[in-house]
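Within every chain, numbering begins at 1; the chains are lettered A, B, ... in the order of the sequence lines, protein sequences first and strands thereafter.
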2 protein chains.
Amino acid sequence: MGGGLKAKAAHGDSTERPDLEHFRALLHDHMVKRGLRSTDQRRLIVETFFEAPNHISIEELLAEVRQKDSRVGYATVYRTLKLLTECGVAFERKFGDGLTRYELADESSHHDHLICVECGKIIEFEEPKIEELQERIAARHGFVLKTHKHEMYGTCADCQAKLTRSAGARRGN
Amino acid sequence: MGGGLKAKAAHGDSTERPDLEHFRALLHDHMVKRGLRSTDQRRLIVETFFEAPNHISIEELLAEVRQKDSRVGYATVYRTLKLLTECGVAFERKFGDGLTRYELADESSHHDHLICVECGKIIEFEEPKIEELQERIAARHGFVLKTHKHEMYGTCADCQAKLTRSAGARRGN
DNA sequence: ATGGGTGCAAAGACTTTGCAGGCTG
DNA sequence: CAGCCTGCAAAGTCTTTGCACCCAT
């Protein structure tokens, strides 16, 4: 029936890959500037992060990393993501689920999030009109905006279908 | 322009108090329906919550409550707020600071939040145009929206002034 | 008298950090 | 070969829960 399901969603919207070289350079500069060192673990974690779907949690990233080197510790992933955040390569995101998630700090494609409360699918969206309205509201209150968080929670098309089906079944449809 | 600034913000926008009777009834019904009991602590906590500024944390509410009865425990406040959330009297909010905050579930005045990253001031705002755009975006992706979280972080007018002043001083102004 | 309610303290779920030994530059 | 890094485990935060006793109903 429902075909194969995409399941994935989250990641890059197929179009073009982000400019990883730019991020590698950013990280490299930061490390040189502070006398930090390049280690096997860091390189592995960083590259794994670059390949991973956006909005990955520490746990998830650790799992990926351990497929390549099972001896890497949680703390190292944690500290490396902290490092990436500091040098502007990653953004830290806290959705309501208690986990901290990370995504590539791709300024060039600003987006917010649409999240399915049934299956957890995360879709990114952009809406310049909203951005503009935000600025106007901020100005009205005398604020200068730094960042914002705009998340919409609902049920995706797939899950609506699923729910309708089971509701129908329950009703003896 | 400018004038005196309202400063307070956060709480009821001066206009009218929310309809507390409505919320008391909601809670009462819920408790009767489930055979829950009305105790001194619950009444105290609930009324204190009603009087407290919006976006209060458990710790803060507990402090208020303890001014009236120092023997109330953290867990009771915690459980009472859970109860209020369940029966639709309060909303749970998680801003990025790791705390859970609660506000009156005043549907009639839907709003989002503008937060000063310097002083923590929280201002509520409403913008129907954004709400409408949200629905449109959700529809475009096949979603049916349930809730959303829209927070904007920046520097409020007061703090901008403060920052400018100290920056100037530092520069030998 | 029941069985929900309370306070305390212990347990969870995540995130941070201290340390002894390892490795980069 | 100094000092940053790592992995482990312990320590923090904040939120939840188990329990024995208390008290509305």
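- Contacts of B:L99 with the nucleic acid, taken as non-hydrogen atoms under 4.0 Å apart, involve only primed sugar atoms and P, OP1 or OP2.
- Residues A:K82 and B:T39 each lie close to DNA chain C; by heavy-atom proximity, the contact nearer the 5' end of the strand is made by B:T39.
- With hydrogens and angles ignored, a donor-acceptor pair closer than 3.5 Å exists between the side chain of B:R37 and the base of C:dG3.
- The shortest distance between the side-chain N/O atoms of A:Y74 and the OP1/OP2 oxygens of C:dT15 is below 4.0 Å.
- The side chain of B:A75 approaches C:dC8 more closely than any other nucleotide in the set D:dC4, C:dC8, D:dT15.
- Between A:Y78 atom OH and D:dC5 atom P the separation is 15 Å, expressed in whole Å.
- Taking atom NZ of B:K94 as the reference point, atom P of D:dT15 lies 7 Å away to the nearest angstrom.
- Between B:M31 and A:R79, the residue anchored nearer the 5' end of DNA chain C, judged by the nucleotide with its closest heavy atom, is B:M31.
- Dashed line: the shortest gap from a side-chain N or O of B:T100 to OP1 or OP2 of D:dT15 is under 4.0 Å.
- Spacing between atom CG of B:D97 and atom P of C:dT15 amounts to 15 Å, rounded to whole angstrom units.
- The distance between atom CD of B:Q41 and atom C1' of C:dC8, rounded to the nearest whole Å, is 14 Å.
- Looking at A:E92 and A:R101, no side-chain N of the basic residue comes within less than 4.0 Å of a carboxylate O on the acidic one, giving no salt bridge.
- The distance from atom CZ of B:R43 to atom P of D:dT25 is 7 Å, rounded to the nearest whole Å.
- At a threshold of 4.0 angstrom between heavy atoms, the contacts of A:R71 are confined to the sugar-phosphate backbone, with no base atom among them.
- Using cut-offs of 30° and 60° for the angle between ring planes, the A:H150 and B:H150 rings count as parallel.
- Classified by interplanar angle (parallel below 30°, tilted 30° to 60°, perpendicular above 60°), the ring pair B:F50/B:F23 is tilted.
- Spacing between atom CZ of A:R42 and atom P of C:dT24 amounts to 12 Å, rounded to whole angstrom units.
- Nearest-nucleotide mapping onto DNA chain D: of B:I58 and B:L36, the residue sitting toward the 5' end is B:I58.
- Residue A:V72 is the one, among A:V72 and B:G98, whose nearest nucleotide of DNA chain D lies closer to the 5' end (criterion: closest heavy atom).
- For A:E47, the CD atom is densely surrounded, since the number of other residues' heavy atoms within 6.0 Å is greater than 12.
- To the nearest angstrom, C1' of D:dC23 lies 17 Å from CG of B:L44.
- Around NZ of A:K129, the count of heavy atoms belonging to other residues, nucleotides or ligands within 6.0 Å does not exceed 12.
- Going from atom CD of A:E60 over to atom P of C:dC14 covers 11 Å, rounded to whole Å.
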